[in-house]
Novice: 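Please find one structure pasted underneath; my questions will follow.
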Amino acid sequence: MTTITFIQPDGRSRSLALADGTSLMQGATGAGLDGIVAECGGNAMCATCHVYVDEAWAGRLPPRSDEEDALLDGAAAERLPTSRLSCQITVTPDLDGLVVRLPDRQI
Amino acid sequence: MTPSPRAPEPTSGLPPPASGLSPSGAPALDVDPFSTEFFEDPHRIHEALREAGPVVWLSRWSVHAVARYAEVHAVLNDPATFCSGRGVGLSDFARETPWRPKSLILEADPPEHGRTRAVLARVLSPGVMKTLRERFRVAAEALTEDLLARRSFDAVSDLAEAFPLSVFPDAVGLQREGREHLLPYAGLAFNAFGPPNELRRRALETAAPHVDWVMAQCQRQNLAPGGFGAAIHEAADRGEITHDEAPLLVRSLLTAGLDTTVNGIGAAIYCLARFPEAFARLRGKPALARAAFEEAVRFESPVQTFFRTTTRDVEIGGVTIPDGAKVLMFLGAANRDPRRWQDPARYDPERQTVGHVGFGSGIHMCVGQLLARLEGEVMLGALAARVGAIAITGPVVRRYNNTLRGLERLPVTLTPA
Ligand code: HEM
Ligand code: FES
């Protein structure tokens with residue numbers, strides 16, 4: 001299990017212990033976390049699983065695919081250099097302690 | 001009778017029992033999922049299919065089928081074993097010539113599929129949807145005002161068909177002349193995925209004029225600049241696909257992009273009319289419009305079935321399906337599998353629907369799903385803002401199609417909010 005902290009736009013935060021090998025999106029929605037919609041179920045189509053990765057971590061994640069990069073342009077909330085699609089990030093032990101912020105909207 | 005949030009669908013009566021085993025050892029059922037009896041009430045037979053086993057044999061059409069959520073999801077997500085290139089209907093393209101040049105996306109496998117898929121994914125991306133939203137919203141509001149002025153109308157032709165027809169052909173960039181061919185063309189293409197029954201035979205007999213019109217509209221000179229069609233031809237200019245491929249990819253939008261949303265919106269209206277309590281919740285919280293549409297896609301599954309073909313011997317639940325066999329996936333049955341869904345026969349706009357297979361799953365998952373959701377959201381949102389109640393005021397008539405589930409007629413009367 002790997003602990004990841006999600007911070008809502010209003011500042012509330014919640015730390016979840018997620019199973020390695022699942023996606024950040026699957027782990028978060030499975031735990032009933034609000035703020036990730038994931039309409040396409042993780043098929044990299046909808047950009048409604050948008051998150052901002054804490055700056056300290058941004059460079060430590062595997063890079064975005066071209067597909068993810070293009071989708072992020074269509075995300076409902078502002079795109080930032082730290083924007084990622086949570087369905088495209090796999091939980092691994094080296095992400096322990098990762099902090100991600102949720103955007104103010106997904107649609 | 002007071003309508004309840006539970007579907008008033010017959011659930012009594014014993015499901016038809018399994019009648020022996022298939023050559024593969026799968027339980028055999030003598031039911032026809034392409035019959036009018038089934039179209040009128042698929043749920044009882046869906047249940048029998050799910051309960052018979054993880055994989056069943058349909059003796060009527062000599063084909064294996066999966067109806068439980070887990071197996072349908074697994075088949076959709078294993079395209080190397082369950083391919084689409086031999087057709088996603090019952091007809092096996094390795095043995096029979098397809099009735100039309102095969103689709104470059106729906107009926108393609110990796111790696112070729114990835115190339116054409118990337119083009120349509122970009123043409124229908126979240127970013128493109130943002131540019132359409134306002135126009136679609138205005139159209140939905142205008143239609144709602146018209147319908148409120150009329151009060152009583154047919155919610156199939158005057159709403160579920162009228163709304164997509166008012167936005168989709170323009171978004172593609174089609175010329176005005178001949179648009180009446182679009183729905184018959186889609187209807188026949190979706191019938192053609194079925195077995196060689198009367199519906200399919202009649203569809204192919206009457207196909208020619210519709211096919212001719214649709215193929216002509218896929219040519220570049222007939223597509224207005226700025227639309228999805230022109231965008232596909234521009235992808236060919238950039239070398240992402242060939243110029244010969246572009247018209248066939250436009251055809252995919254014309255086949256899959258209109259009748260599906262008609263039946264999706266129709267499903268949502270039928271739900272909201274049958275379950276006034278759900279409509280009241282939507283009215284109280286209009287932000288539920290998108291979720292109410294999504295739940296209708298789960299609940300009714302406007303696209304009921306697709307086939308795959310095995311590329312090797314493969315075991316499902318102890319049964320070995322031989323290489324080169326067709327496998328039928330019951331999306332509608334998976335979307336109501338009690339193993340996956342709590343109270344599956346209840347229409348609940350606040351349900352967590354993520355993971356339903358109404359749009360498929362995996363590499364072929366509907367590339368137009370964002371457009372479908374946009375249409376559904378703005379249409380339900382406009383109704384929720386202005387309409388107090390939707391009452392069914394005449395006989396509801398089902399439309400028969402081998403793949404699509406929807407209505408022929410839904411007479412309703414609106415009460416203004
Ligand atoms: C409520 C409306 C819709 C439903 C229920 C629906 C359903 C589906 C399903 C179940 C599939 C998967 C096929 C498979 O796995 O073999 C699919 C694929 C597809 N859909 Fe949709 N669809 C809808 C709307 C649309 C729209 C609006 C468009 C186009 C604008 C579209 C275009 C396509 C295309 C091109 C594919 C093939 C994708 C591929 O093979 O990669 N659909 N759709
Ligand atoms: S869940 Fe749809 S893109 Fe991530």
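Each chain gets a letter, A, B and so on, in the order its sequence line appears, and its residues count up from 1.
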Novice: Is B/E350 atom CD crowded by more than 12 heavy atoms from other residues, nucleotides or ligands, each under 6.0 Å away?
Specialist: yes

Novice: Please identify, among B/R133, B/M129, B/R373, B/E294, the residue contributing the most non-hydrogen atom pairs under 4.5 Å to chain A.
Specialist: B/R373

Novice: Select all residues of residues 353-369 of chain B having any heavy atom within less than 4.5 Å of some heavy atom of chain A, and report them by number, or 'none'.
Specialist: B/V354, B/S361, B/G362, B/M365, B/C366, B/V367, B/Q369

Novice: Measuring heavy-atom distances to chain B, does A/D73 have an atom under 4.5 Å in its side chain, in its backbone, in both, or in neither?
Specialist: backbone

Novice: Where do A/G74 and B/P126 come nearest, in terms of heavy atoms and distance?
Specialist: O-CB, 3.6 Å

Novice: So for atom NZ, which belongs to B/K285, do other residues, nucleotides or ligands contribute more than 12 heavy atoms lying within a distance under 6.0 Å?
Specialist: no

Novice: Are there more than 12 heavy atoms of other residues, nucleotides or ligands under 6.0 Å from atom CG of A/D10?
Specialist: yes

Novice: If you take all heavy atoms of A/E39 and B/L370, which pair is closest and at what distance?
Specialist: OE1-CD2, 4.2 Å

Novice: Heavy-atom cut-off 4.5 Å, strictly under: side chain, backbone, both or neither for A/A75 against chain B?
Specialist: backbone

Novice: Hey, does the side chain of B/R290 reach the backbone of A/I107 with a donor-acceptor pair shorter than 3.5 angstrom?
Specialist: no

Novice: Of the backbone (N, CA, C, O) and the side chain (C-beta and beyond), which part of B/R122 lies under 4.5 Å from a heavy atom of chain A, both, or neither?
Specialist: neither

